[in-house]
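What follows is a set of notes on a single structure, which appears directly below.
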Protein chains: 2
Amino acid sequence: MATKKAAATRERLSSRTGSPGTGSRGAANQRADALRNRAKILAGAVTAIRKNPDASVADIAAEAGVGRQTLYGHFRTRPELIDAALLESLERAEDVLSEISLDGDARDAFQRLVASSWVFVDQSRAVLAAAQKELSPGRIRELHEKAEARMRGLLERGQAEGAFRSDLPVSWLLTTTHVVLNGAAEEVRTGKLDPDDAPWFIDAILLPAFTHDAHSEQGR
Amino acid sequence: MATKKAAATRERLSSRTGSPGTGSRGAANQRADALRNRAKILAGAVTAIRKNPDASVADIAAEAGVGRQTLYGHFRTRPELIDAALLESLERAEDVLSEISLDGDARDAFQRLVASSWVFVDQSRAVLAAAQKELSPGRIRELHEKAEARMRGLLERGQAEGAFRSDLPVSWLLTTTHVVLNGAAEEVRTGKLDPDDAPWFIDAILLPAFTHDAHSEQGR
DNA sequence: ACAAAATCAAACATGCAAGTCCGACTTATA
DNA sequence: TATAAGTCGGACTTGCATGTTTGATTTTGT
């Protein structure tokens with residue numbers, strides 16, 4: 001019967017009840033430093049997990065420069081923390097990506113989108129991997145929806161206009177884009193690729209691959 | 001002072017002392033069932049880890065249909081087990097891959113190599129991921145050496161002969177091949193791609209991407 | 001069939017990460 | 001400047017995975 005304090009604090013802080021829907025984190029009456037710490041924790045989670053995919057909650061708290069209890073005050077469980085971190089990460093990407101014009105030549109639009117995307121892919125891939133261990137696949141897909149839909153839509157339009165080859169399903173083009181982006185991110189992380197060169201390298205692979213060649217090789 | 005039995009048994013079984021060099025597993029005088037179990041454990045490790053990348057030693061033993069103690073009789077520690085499993089996995093791949101002719105047209109040879117490689121990539125990727133958490137990077141690279149050198153050599157020859165574009169470093173072509181193979185494996189695993197179609201899909205991406213086009217897009 | 005080799009089940013010790021609870025301390029805000 | 005909100009360090013429980021040990025039991029090779 002003396003267990004009210006922590007619970008009450010958490011309730012005040014989190015203000016996130018019910019279903020894990022999209023946002024609904026109406027920060028009603030949080031104190032300024034509480035919000036600041038919440039942000040620090042989220043940022044710390046991303047960088048800590050990038051260093052070590054299996055980072056413990058203690059590691060994350062340390063990385064954020066905050067006590068473990070404080071962290072638990074904001075996020076009840078580890079999955080909840082990971083979920084929030086991934087959400088944050090993707091939302092920040094969405095802020096930038098949603099501004100990009102997808103009009104005009106599909107190939108040019110694709111280049112623009114890729115150039116802006118690959119950095120976020122790099123930042124999110126670690127926390128994404130962590131999330132895949134603790135979150136439901138449905139939740140994962142839900143969080144990715146917007147970003148994936150944008151790229152898929154562009155690829156479909158490109159196919160319809162003849163800018164991209166149509167002998168391969170969009171899903172495969174999408175997957176290919178995905179893995180090449182990730183590959184470039186990994187190469188940058190291990191120092192084998194200059195970040196500034198990355199967009200060019202990616203385009204150099206993807207554009208020829210996605211463009212229908214008259215003298216295609218697969219005729220054998 | 002009564003700790004000799006298990007240790008003695010292990011010593012007899014493992015017969016693998018000293019540096020983690022290449023092989024040196026001279027199976028001198030193992031009993032038939034011991035060797036059989038060793039094989040079962042190795043196979044079990046691969047499938048168990050494919051199901052769950054964080055499979056515990058108990059999980060692996062169960063998957064292999066063998067007691068946990070028996071497993072520890074063959075492999076002293078978890079890392080040692082993972083190492084052996086990865087080694088096994090790569091050696092079996094090597095058996096097949098080393099038979100493939102790399103002569104003739106570089107593009108054809110590349111297609112042959114890819115067609116045979118991608119299955120093994122699928123089988124090894126989970127174990128590889130597990131290994132990266134417990135083994136030293138040097139050891140990992142050491143185990144991959146042969147397979148990677150073969151592919152790299154082929155790509156280099158292809159560049160020299162003009163079959164493959166030379167405006168990108170071989171390392172990037174290698175990485176690209178790697179990630180596309182992995183991507184295809186993942187798509188097959190989730191049922192989104194027919195295993196029989198995989199080689200074609202892979203070639204359809206990689207060959208155009210690696211072939212120098214006269215009307216290249218990156219001129220902007 | 002007999003001794004050595006290998007297996008098994010069960011119990012044990014250890015360590016680490018998650019999550020909880022407490023009491024004292026600091027900071028924001030009215 | 002009070003009071004509520006938030007933070008901090010530390011101690012604690014619980015659960016799970018690693019690795020060890022023991023002794024009984026089965027299998028193999030000869």
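Throughout, a chain's letter reflects where its sequence line sits, starting with A, and its residues are numbered from 1.
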Which donor-acceptor pairs under 3.5 Å do the side chains of residues 192-199 of chain A make with protein atoms, sequence neighbours left out?
{"from": "A/D194", "atom 1": "OD1", "to": "A/D196", "atom 2": "N", "distance (Å)": "2.8"}

Any carboxylate oxygen within less than 4.0 angstrom of a Lys/Arg side-chain nitrogen, looking at [X] and [Y]?
X	Y	answer
A/D83	A/R139	yes
B/R141	B/E148	no
A/R150	A/E94	yes
A/D59	A/K51	no
A/K133	B/D54	yes

Subject >> 5' priority, DNA chain C, between A/R78 and B/L71 [closest heavy atom] >> reply: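 Between the two, 5'-proximity favours B/L71.
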Pull out every protein N or O sitting under 3.5 Å from an N or O of nucleotides 9-12 of chain C, one pair per line with the distance.
{"from": "C/dA10", "atom 1": "N6", "to": "B/Q69", "atom 2": "NE2", "distance (Å)": "3.1"}

Subject >> Selection residues 110-141 of chain A - residue pairs positive for ring pair (Phe, Tyr, Trp, His ring centres under 6.0 Å), sequence neighbours left out >> reply: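 Sorted pair list: A/F110-A/F164, A/F110-A/F210.
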Subject >> A/T70 vs D/dG6: side-chain N/O to OP1/OP2 distance below 4.0 Å >> reply: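 So the side chain of A/T70 is outside the cut-off, no N or O lying under 4.0 Å from OP1 or OP2 of D/dG6.
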Show me the protein contacts with nucleotides 28-30 of chain D, counting only N or O atoms at under 3.5 Å.
{"from": "D/dT28", "atom 1": "OP1", "to": "B/R36", "atom 2": "NH2", "distance (Å)": "2.8"}

Subject >> Residue of the set A/I205, A/L206, A/V179 for which side chain to side chain contact (heavy atoms under 4.5 Å, CB included) holds with B/T176 >> reply: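 Among A/I205, A/L206, A/V179, the one meeting side chain to side chain contact (heavy atoms under 4.5 Å, CB included) with B/T176 is A/I205.
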Original post:
How sharply is the helix from C/dA1-D/dT30 to C/dA30-D/dT1 bent, taking the axes over five pairs at either end and rounding to 10 degrees?
Top reply: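 The end-segment axes of the helix from C/dA1-D/dT30 to C/dA30-D/dT1 are tilted 30° relative to each other.
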**OP:** Not counting sequence neighbours, which residues clear salt bridge (charged side-chain N to carboxylate O under 4.0 Å, His left out) with A/E134? List them please.
**Re:**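 By the salt bridge (charged side-chain N to carboxylate O under 4.0 Å, His left out) rule, A/E134 matches A/R78.
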Original post:
Under a 4.5 Å cut-off applied to non-hydrogen side-chain atoms, are B/L143 and B/L128 in contact?
Top reply: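 Answer no - side chains too far apart.
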**OP:** Specify the residue among A/N37 and B/D59 whose closest nucleotide of DNA chain D lies further upstream toward the 5′ end.
**Re:**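 It is A/N37 whose nearest nucleotide is closer to the 5' end.
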